[in-house]
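Order of the sequence lines fixes the chain letters, A, B, ..., with proteins taken first and strands second; residue numbering starts at 1 for each chain.
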Number of protein chains: 2
Amino acid sequence: MIDATLRSLERHGREGASIRRISAIAGVSSGLIHHHFRSKARLIAAAYESLAIELQETLYRESADHGGSPRERLSALIRASFAPSILEPRILNVWLVFWSMVMRAPSMRAVHDRTYRRYRSILGRLLQAVGRSRGVRVRARPAAIALSALLDGLWIELCLSPGTFRPTEAVMLCESWVDALCGGALPQLLQPRKRRS
Amino acid sequence: MIDATLRSLERHGREGASIRRISAIAGVSSGLIHHHFRSKARLIAAAYESLAIELQETLYRESADHGGSPRERLSALIRASFAPSILEPRILNVWLVFWSMVMRAPSMRAVHDRTYRRYRSILGRLLQAVGRSRGVRVRARPAAIALSALLDGLWIELCLSPGTFRPTEAVMLCESWVDALCGGALPQLLQPRKRRS
DNA sequence: CTTGCTACTGGACGATCGATCAATTAGGCT
DNA sequence: AGCCTAATTGATCGATCGTCCAGTAGCAAG
C-alpha cells in the first residue's frame with residue numbers, strides 16, 4: 001500500500017498524492033486506505049519515512065559492499081548517490097511532494113528531522129573515519145552538513161535538467177571536496193589542534 | 001497579478017497554485033486571469049521566470065554594492081543568499097511548486113534551464129575573477145555548478161528545518177569551499193597549467 | 001448456528017478545481 | 001455621438017478531491 005503511494009507519486013507527481021489514484025494502483029478501494037491510515041496525511045507521512053529509510057539503507061549497503069577502506073566506502077556512497085537508479089527524475093517528484101508538506105504539517109517535519117539526522121550521522125561517521133585514516137581530525141557535524149548539501153544540490157539539479165552536466169561530473173565535484181577536506185584545505189571543518197586562551 | 005501568484009504560493013504552498021486563490025488575492029475575477037494568460041500553466045511559468053530573475057538581480061545587486069574586490073563581492077553574494085529575506089521558508093514553497101512542474105511541463109523546463117544558466121554564468125564569472133586575483137585559473141563551469149549546488153543544498157535544508165544549523169554556518173561552509181578553491185586544493189576545478197600530448 | 005470483530009467495498013456528500021462564455025463596462029478613434 | 005476593441009465580471013460546467021459511512025465478506029470463538 002505504501003509502495004503504491006510511492007509509485008503514484010513517481011508517476012503523477014504532485015497530483016499523484018490522491019487517495020483515489022493510490023487506491024487504484026494498489027488495487028484496493030479508497031475506503032480501505034482510510035481504514036488503515038486515518039487520513040491521507042498519515043499515509044503520506046508513512047510513505048515518506050519508508051522511502052527515506054530505504055534510500056539510506058541502499059546507500060549504506062552500497063557503501064559497505066564496495067571497498068574496505070573508509071575512503072573507498074565513501075567513494076562508493078558518492079557514486080551510488082548518482083547511480084541511474086537513484087538519479088531517476090521521477091523520484092524527485094516524490095521528494096518535492098514530501099518537502100512541500102514538511103513546511104506545513106508538523107508530523108512531516110518530525111519525519112524529516114529524524115531521517116535527516118540519521119543521514120548526517122552516517123555521513124559524519126564516514127567522513128570522520130576517512131579523516132582519521134588520513135591523519136586529520138574531521139568535525140563530523142559541519143562536514144556532514146556540507147557534503148549532504150553538496151550531494152543534494154547536485155542531485156536535484158541533475159534530476160531537474162539532466163542535460164546540464166553529467167553524473168560523473170557530480171561525482172568528481174564531491175570527491176574533490178572530500179580530497180580538499182582530507183588535505184586540510186578546509187581548516188574550519190577540522191578539530192583545532194590546540195586551544196588558545 | 002504575477003505578484004499575487006507568488007504571494008498565494010508563499011501563503012498556501014502547493015494548494016496556492018489555484019486560479020481562484022490567486023484571483024482572490026489579486027482582487028480580480030477568475031476569468032480575467034484566463035483572459036491575460038491563456039491557461040494556469042502559463043501564469044505559473046510567468047511567475048516562475050519573474051521570481052527567478054528578481055532573485056538573481058537581488059543577489060547581484062547585493063554583490064555589486066558591497067565590496068570592491070571580487071572576493072568581497074562573492075562573500076556578499078554568499079551572505080545575501082542566506083539573508084533572512086531570502087531564507088524565509090515560505091519562499092521554498094514557491095520553488096517546490098515550480099520544480100514539480102519543471103518535471104512535467106516542457107515550457108517550465110525551458111524557463112528553468114534559461115534562468116539556471118544565467119545563475120551559473122553569474123557565479124562562474126565571479127569565481128573566475130576571484131581566482132584571477134589569487135593567481136589561479138578557475139574553470140568557471142564546474143566551479144559554478146559546485147557552488148550553486150552547495151548554496152542550494154544548504155538553503156533548502158535551512159528552509160526545511162531552520163533549527164538544524166545556523167545561517168552563519170552555511171556561509172562559513174561556502175566560504176571555506178571558495179577558500180579551498182582559491183588555495184588550489186580543488187585541482188580538478190582549475191585550468192591545467194600545461195597540456196601534455 | 002450465532003455472535004463479534006476485522007478487512008474491505010463502493011457510493012454519496014460537499015467542496016474545490018480549471019476552463020469556458022455570454023454579458024457588461026471602459027476607453028480611444030472617427 | 002456612434003462604434004469598435006479590449007478589459008472585466010460572475011455564473012456555470014464537468015471532473016476530481018478527501019472524507020464519511022452503511023453494508024458485505026471472511027473468520028475465530030462461544
Report, one line per pair, each donor and acceptor closer than 3.5 Å where one atom sits in a side chain of residues 139-151 of chain B; sequence neighbours left out.
| from | atom 1 | to | atom 2 | distance (Å) |
| --- | --- | --- | --- | --- |
| B:Arg139 | NH1 | B:Gln188 | O | 2.6 |
| B:Arg141 | NH1 | A:Thr164 | O | 3.0 |
| B:Arg141 | NH2 | A:Glu169 | OE1 | 2.7 |
| B:Arg141 | NH2 | A:Glu169 | OE2 | 2.5 |
| B:Ser148 | OG | B:Ala144 | O | 3.1 |
| B:Ser148 | OG | B:Ile145 | O | 3.0 |

Using a cutoff of under 3.5 Å, can you pull out all pairs of nitrogen or oxygen atoms linking the protein to nucleotides 22-28 of chain D, with atom names and distances?
none

Nucleotide N/O to protein N/O under 3.5 Å, stretch nucleotides 23-27 of chain C:
none

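Every residue meeting the side-chain hydrogen bond (donor to acceptor under 3.5 Å, both in side chains) condition with A:Gln56, not counting sequence neighbours, appears here in chain and number order: A:Arg118. Not a single side-chain hydrogen bond (donor to acceptor under 3.5 Å, both in side chains) links B:Ser39 to another residue, sequence neighbours left out. In terms of the side-chain hydrogen bond (donor to acceptor under 3.5 Å, both in side chains) criterion, residue partners of A:Glu49 (sequence neighbours excluded) are, by chain and number, A:Arg114. Checked against side-chain hydrogen bond (donor to acceptor under 3.5 Å, both in side chains), B:Arg42 has no partners two or more places apart in sequence or in another chain. Here B:Tyr48 pairs with B:Trp95, B:Phe98 under the ring-ring contact (aromatic ring centres under 6.0 Å, His included) rule; sequence neighbours left out. Scanning for side-chain contact (heavy atoms from CB on, under 4.5 Å) contacts around A:Arg117 gives A:Asp113, A:Arg120, with sequence neighbours left out. Under the ring-ring contact (aromatic ring centres under 6.0 Å, His included) criterion, B:Tyr116 pairs with B:His112, B:Tyr119, sequence neighbours left out.
B:Ser161 contributes no side-chain N or O that, together with a main-chain N or O of B:Gly163, makes up a donor-acceptor pair within less than 3.5 Å.
Using a 4.0 Å cut-off, no side-chain N or O of B:His36 falls inside it from OP1 or OP2 of D:dA6. Side-chain nitrogen and oxygen atoms of A:His35 include none within less than 4.0 Å of the OP1 or OP2 phosphate oxygen of C:dC8.
Look at CG on B:Leu32: it is 16 Å from P on D:dA11, rounded to the nearest Å.
Listed by first and then second residue, the salt bridge (charged side-chain N to carboxylate O under 4.0 Å, His left out) pairs involving residues 58-85 of chain A are A:Arg71-A:Glu175, A:Arg71-A:Asp179 (not counting sequence neighbours).
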What string of B, S and - do you get for nucleotides 12-21 of chain C 5' to 3' if you count protein non-hydrogen atoms under 4.0 Å? B----BBBB-
